[in-house]
Structures are given as structure tokens and as C-alpha cells.
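There's a structure below that I have some questions on.
In what follows, chains carry the letters A, B, and so on, assigned in the order in which the sequence lines appear, proteins first and then strands, with residues in each chain numbered from 1.
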Amino acid sequence: MTRRAPACATDCRGLPATIGRPMSTPDPTSIRVRMAPSPTGSLHIGTARTSLYNYLFAKHVGGTYVLRIEDTDVARGTDEWERDIIDNLHWLGISWDEGPQVAGGEDIGPYAPYRQSQRMELYAREADRLLASGAAYHCYCTPDELEAVRHEQERNHEAPRYNGRCLRLSDADRAAFEAEGRRPALRLKVPPEPIRFDDLIRGEVEFDNALLGDFVIVRSNGMPLYHFVVVVDDEAMEITHVVRGEDHLSNTPKHIALIRALGYREPKFGHIPLILNPDRSKMSKRKSQTAITAYREQGYLPEAMVNFLAFLGWSPGTEEEIFSLAELAERFEIGEVHKAGAVFDKDRLDYLNGVYIRSLADGQLAYRLRPFLPDALDDGILMRLAPLLKERLVRLGDATELAAYLTESDSQVADLHEPELLLPKGRSGAEVAEALALAHEALAAVPEPDFAAGELEAICRTTAEAHGWKAGDFFRPLRVAITGRLVSPPLFGSMELLGRERTLARIEAAQARLRG
RNA sequence: GCCCCCAUCGUCUAGAGGCCUAGGACGCCACCCUUUCAAGGUGGAGAUCACCGGUUCGAAUCCGGUUGGGGGCACCA
């Protein structure tokens, strides 16, 4: 329990009551949104932000937030990723009203199950309906045949789309294919009509479905495909607003075609801008760090991450920039979301993380630092260490290096530096050895109980001054001797934490190094 | 290739016809503070609002085009 990463900072299960709006206002026009991650990898930054926007939208309007696991492609390792996704969403403080609350756990909500792999019957039934109504038809084309057609089309500069070969198969043709052992895929007969919809973020958008071609909705092995399944589930779960990434914008006309064929009610769509790599392409693993876990492991705070993510593509229209999750939910308007993509600016995340770290109370910081520091440092030390580190942490993980001198042995620390590192500019080894001797003498005179930062600083300053040393120059060799580094937490606090005995021993060791 | 979306400092953005000789933040550069590094303070550089045409007394803001960027066009999700 001691080494676990910090749990989500807020109540994971729901927003604090301070949100200013009753959470479960029974509204007849009740808004239902969903997040449908696919457990094919660790929670992605983009997925996290889409989840966040859905969450903020739902909370803002008092709607219901559904988590649905898009595990159509039941592959190995799915459970692991599902766990990762749920854990990290919780870590961010994002909660949902319906869906699996715990990885592998029971689905909670009136529309359960919320895992697609468990809803196959429904998909099969809906597919049959489409087939029966003539809105969909069997296609016996093989992948090779399809590819050949595609190549042909490319050569002729035509749009690469299905040529409708199987649209009018005779029973004899079908029987022949079946006899060959071919199993049919199911294609939607896409009506060649213009599709327009009013995007929550972009306004009116129009596509021409005549350009689409009949797409496959159920594979020849019986597995339903994504476009079909989302539409069926969204209807079944009575989703009213589909808020998703812009990469789905051009998929929307397919979905609308499906919705019409199935006789469903059309939800509102909102397509949020993509998060971009520094080169402005869609943020990808290849070019950026995309796993939320990776940020968590480095010691980014969930509050900072949420604040940062929320502002990639949205702003409250004021110059305020620090917002808690609850405050974001209060302010967030889906219609204010930008249309253009936003580059993931790590410098800005770093800055925000620093702001949040500095705003933490010492006890909170100590608690959150726990997973990043060795067990050898007990809670008492952590409490005293926290204020020393607070001003200089960008990530919690940076504490590891800053506090390393505490757990390293005296000889390790000595080995960390060349003797030259001890020398301030313009000072010789002999002079510095002299200074260390003076410091050692002065510090040795401080009895154990008085060995505290204030006292140590006073003594060292007096000593430096008495011997014509500039404070900075006098402190440098001490810092290097004690921490083995040129950069450290404040010197006297560091000494105090190290303790009298080890402090003196390290100064002696440094003196020895200068001599030898 | 086809379709769709987008376009304000390097980055995130404010701006919804006159308040803009375009504001803030990050980053960057100075200086101050200072025991290192940070943090903090002060100041600075940085955007002819992609470009070209309209509309208007007046346009970053409205319209059209161009260019550029992005996304999508699978028996992946």
C-alpha cells in the first residue's frame, strides 16, 4: 500500500457537491453521453481528453455519462488494457454513471452489459433486420477480389469504393459461392443521397453518400464491425449526444446511413479537434508520449493533467487558467470548443504541474511523493523533505534525484564528483580544503539537538565572513561534499535532514579527496 | 486521387464589425532577489490576425476564392 501511485485526488465516484448544480436533476430531456474506448492499448492522451470533454459536458448539463468498452475485436490482453483505461480514468478523477466501474467487474446500469463482446446477440438481431428489409445484402467477394477492384479504380482515378458486384446475386450465384465454401459478409446498401447534420462544434456539415459505396457491417466470420456496432449500441443505450474526436467526422455519414436504415433516432454529433504532435499531425505514439500512465509514472498530478487537457481546445473566454475538475465542469460549454487542432505543449504541462505541486500542502506533497522515494525514507523524513523540494519539482518523479543524497552512502556521494567540482571559481584546492576544515570545525561544535537549518546557516555565514569568504563560494564545496552534486535542495535544510554525523563525515571525506 | 474539416505571436489561447497601434499564459532573453537549482519579481523580443478579393463609413471578426495544414476514404477501432 505504501508504494502505490496516489489515488485520484477527488472523490472518484462523483463530483463534490460544490458543483453548484444538482447532479441528478431528473430532466425529461435528459442528456446521455458516452465514452467508448477500445481496450487495445493503454489509455491514450486523446482518449483521455475526449473522455474528459464528455464528462465535463455531462456534468455541466446534469446528464448521464456512460462508459462502454469497445471490445469487438476480442484479442488477447484485453483485460489488461481495460484495467489500464479504467484505472487511469479514475486517476484523472473522471467518473461515470453507467458501465464497468472496475476492470473485470460487474457492469452497473440499466443498459448492461456495457461490453460489446457481451452484446453479440443484439448485433446479430439488428443485422438480420437489415438483411430482411433489404437495407443490407450478402457479399461474397474475397479480400483478393476486392483489392483487385480497388487497384483498378485507383488506376482509373476513381474513388476506391465497393462496386456493388454482389448487390444483385441470383440464388444460383449464391448457392455456387456457398458451395465453394465462401461465407458472406454483410454490406449496407448506402442510399446515394446527401447527408447533412448540425455538428455541436462545427455547425452544419454536408457529405454526399453517393461517394461512399456500400460498406461491410458484419464480417464473413460473423463479427460485427465498428461502425455498425457503435450505432446499435448508441441507440440501445439511448445516447443523445455523441462527442468524439474529429477523426470520426467523416465516419458520421456512414453512421447516419445506418441509423436511417435501422430506423433509429439520430443523436447530436460533436467532433472535437485532435491533439497534435509538434509537427501538427495527429498525436501518435511514434512522435509523442501518448500513454496517460507514462505521465502518471513521471509524477504529473491528475489535477494538472486535467487542467491542461481541458485547455487544449477550449477556454472559458477569460484570462483565468487554473481550474479544478469541478470548476471546469461548471464552466464548460460544448459549443465553445475550438475547431482547430491543438499541439500538445509539454512545456506548458510542466509549468502547470509545477503550479499544482507548489499549491499542495506539505502533508499532501509528502503523501504523493511516497511512490517516488525509497522506503528507507520514512514518513517523518518525507514530511520534512517536502517543503525543501516543493519549489523545485516539475514532476513528483524529480524528487528521486533531489533526495538521492539521503539514501546514498557517504562513499557513493564522494564518488559522485571529481574533486574539481568542489572548487568555486578562482579558488585553489588548498583554499577550499581550508574552508572545509573551518566549516567542519564550526559544525562539529553544534551539538546534535541544535543541528537545524537556521542554526547551521548562521554559523556557516559567520565563519565564512570571518575568513573573508563570499557566502556563495563558501557554500559550494559544502553542497558538493554533502550531496555529491552541484544542484541540491537548500543546503542547510539538506544538512539537517542528513544529520550531524553523516554531514561531518561527508565533509571529512571531501577534505580527504582534495588532499589526495 | 476523392470527400470533409481547419487557419490570431514558436506553442496554448482572448477576440463573436469600431474598446485592437491585437490581450493573457507557456517558452525564450535580460535584470532583480538569492547558498546551487528552482520559485518569485520587473522588463523585453515575438502575430502586416496565412494570402487575395469582396461586403461595410469601418473587418482578425461577415462572404468568396487561393494557399497551406490536418483528418477520413478497410471483412481496424
- Task: Rounded to the nearest 0.5 Å, what's the gap from CD1 on A/I69 to OG on A/S38? Could you check?
- Result: 9.0 Å
- Just to confirm, is there a sub-4.0 Å distance from OP1 or OP2 of B/rC75 to any side-chain nitrogen or oxygen of A/R183?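 No, because none of the side-chain N or O atoms of A/R183 sits under 4.0 Å from OP1 or OP2 of B/rC75.
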- Decide whether a cation-pi geometry holds between A/R34 and A/W96; the criteria are a distance under 6.0 Å from NZ or CZ to the six-membered ring centre and an angle within 45° of the ring axis. no
- Identify whether the distance between the nearest side-chain nitrogen and carboxylate oxygen of A/E145 and A/R150 falls below 4.0 Å. no
- Hey, can you pull the residues of residues 304-314 of chain A with a non-hydrogen atom under 4.0 angstrom from RNA chain B? A/F311, A/L312, A/G313
- Determine which pairs satisfy ring pair (Phe, Tyr, Trp, His ring centres under 6.0 Å) with at least one residue from residues 212-233 of chain A, sequence neighbours left out, and list them in order.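 For residues 212-233 of chain A: A/Y226-A/H248, A/H227-A/H255.
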- Message: Quiz question: by atom type and distance under 3.5 Å, do the side chains of A/D233 and A/Y123 form a donor-acceptor pair?
- Response: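 Present: a donor and an acceptor within the cut-off.
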- Task: Return the nucleotide paired to B/rU11: Watson-Crick means purine N1 to pyrimidine N3 with N6-O4 or O6-N4, wobble means G-U with N1-O2 and O6-N3, both under 3.5 Å.
- Result: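 Here B/rU11 is engaged in a pair, and the nucleotide opposite it is B/rA25.
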- Query: With a non-hydrogen cut-off below 4.0 angstrom, is A/D247 in contact with a base, only sugar-phosphate, or nothing?
  - Reply: sugar-phosphate
- In whole angstrom, give me the gap between the P atoms of B/rA39 and B/rG65. 49 Å
- How far does the C1' atom of B/rC26 sit from the matching atom of B/rG53, given to the nearest Å?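 My reading of the C1' atoms in B/rC26 and B/rG53 gives 37 Å.
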- Query: Which parts of residues 331-338 of chain A get close to RNA chain B, meaning a heavy atom less than 4.0 angstrom away?
  - Reply: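 By residue number: A/H338.
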- Are the aromatic rings of A/F344 and A/F311 close, with centres under 6.0 Å apart?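 Judged by ring-centre distance (under 6.0 Å), A/F344 and A/F311 do not meet the cut-off.
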- Task: Give a yes-or-no answer on whether the side chains of A/H271 and A/R244 include a donor-acceptor pair shorter than 3.5 Å.
- Result: yes
- Base-pairing assignment for B/rG40 (Watson-Crick or G-U wobble, both under 3.5 Å):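 Partner of B/rG40: B/rC32.
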- Query: Who pairs with A/T293 by side-chain hydrogen bond (donor to acceptor under 3.5 Å, both in side chains), at least two apart in sequence or on another chain?
  - Reply: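 With neighbours one apart ignored, the set is A/S42, A/D84, A/N88.
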- Message: Please confirm whether the shortest side-chain N or O distance from A/R219 to OP1 or OP2 of B/rA74 is below 4.0 Å.
- Response: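 Answer no for this pair, as no side-chain N or O of A/R219 is under 4.0 Å from OP1 or OP2.
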- Query: What string of B, S and - do you get for nucleotides 28-44 of chain B 5' to 3' if you count protein non-hydrogen atoms under 4.0 Å?
  - Reply: -------BBBBSS----
- Item | salt bridge (charged side-chain N to carboxylate O under 4.0 Å, His left out) involving A/R83 - partner list, sequence neighbours excluded |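 Here no residue qualifies.
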- Item | NZ/NE/NH1/NH2 to OD/OE distance under 4.0 Å, A/R202 and A/E246 |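 The answer is yes: the pair qualifies as a salt bridge.
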- Please name all residues satisfying salt bridge (charged side-chain N to carboxylate O under 4.0 Å, His left out) with A/R395, sequence neighbours left out, ordered by chain then number.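 With sequence neighbours excluded, A/R395 shows a salt bridge (charged side-chain N to carboxylate O under 4.0 Å, His left out) to A/D350, A/D398, given in chain and number order.
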- Item | Letter per nucleotide, 5' to 3', of nucleotides 2-7 of chain B [B base touched, S only sugar-phosphate touched, - untouched; heavy atoms, 4.0 Å] | -SSBSS
- Message: Checking base pairs now: Watson-Crick or wobble, both atom distances under 3.5 Å. What partners B/rC73?
- Response: B/rG1
- How would you list, by chain and number, every residue that makes a salt bridge (charged side-chain N to carboxylate O under 4.0 Å, His left out) with A/K287, sequence neighbours excluded?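 Partners of A/K287 by the salt bridge (charged side-chain N to carboxylate O under 4.0 Å, His left out) criterion, ordered by chain and then number, come out as A/D279.
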- Only counting residues at least two apart or in another chain, list the ones meeting salt bridge (charged side-chain N to carboxylate O under 4.0 Å, His left out) with A/E418.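 Not a single residue meets the salt bridge (charged side-chain N to carboxylate O under 4.0 Å, His left out) criterion with A/E418.
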- Message: Taking the P atom in each of B/rG40 and B/rA59, what is the distance between them to the nearest angstrom?
- Response: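 Per the computed distance, 42 Å lies between those P atoms.
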- Message: Is the positively charged end of A/R187 above the ring of A/Y162, judged by distance under 6.0 angstrom from the centroid and angle within 45° of the axis?
- Response: yes
- Item | A/Y53 ring center near A/F332 ring center (under 6.0 Å) |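 Yes.
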Protein-nucleotides 15-17 of chain B N/O pairs under 3.5 Å:
none

- Kindly check if the number of other-residue, nucleotide or ligand heavy atoms within 6.0 Å of CD (A/E441) is above 12? no
- Distance-only donor-acceptor test (3.5 Å): side chain A/R348, base B/rA25: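 Indeed there is one.
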- Summarise protein proximity over nucleotides 59-66 of chain B in one line of letters, 5' to 3': B for base, S for sugar-phosphate only, - for none, counting protein heavy atoms closer than 4.0 Å. --------
- Message: Only pairs with both distances under 3.5 Å count, Watson-Crick or wobble alike; so what is the partner of B/rG18 in this structure?
- Response: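 Base-paired to B/rC57.
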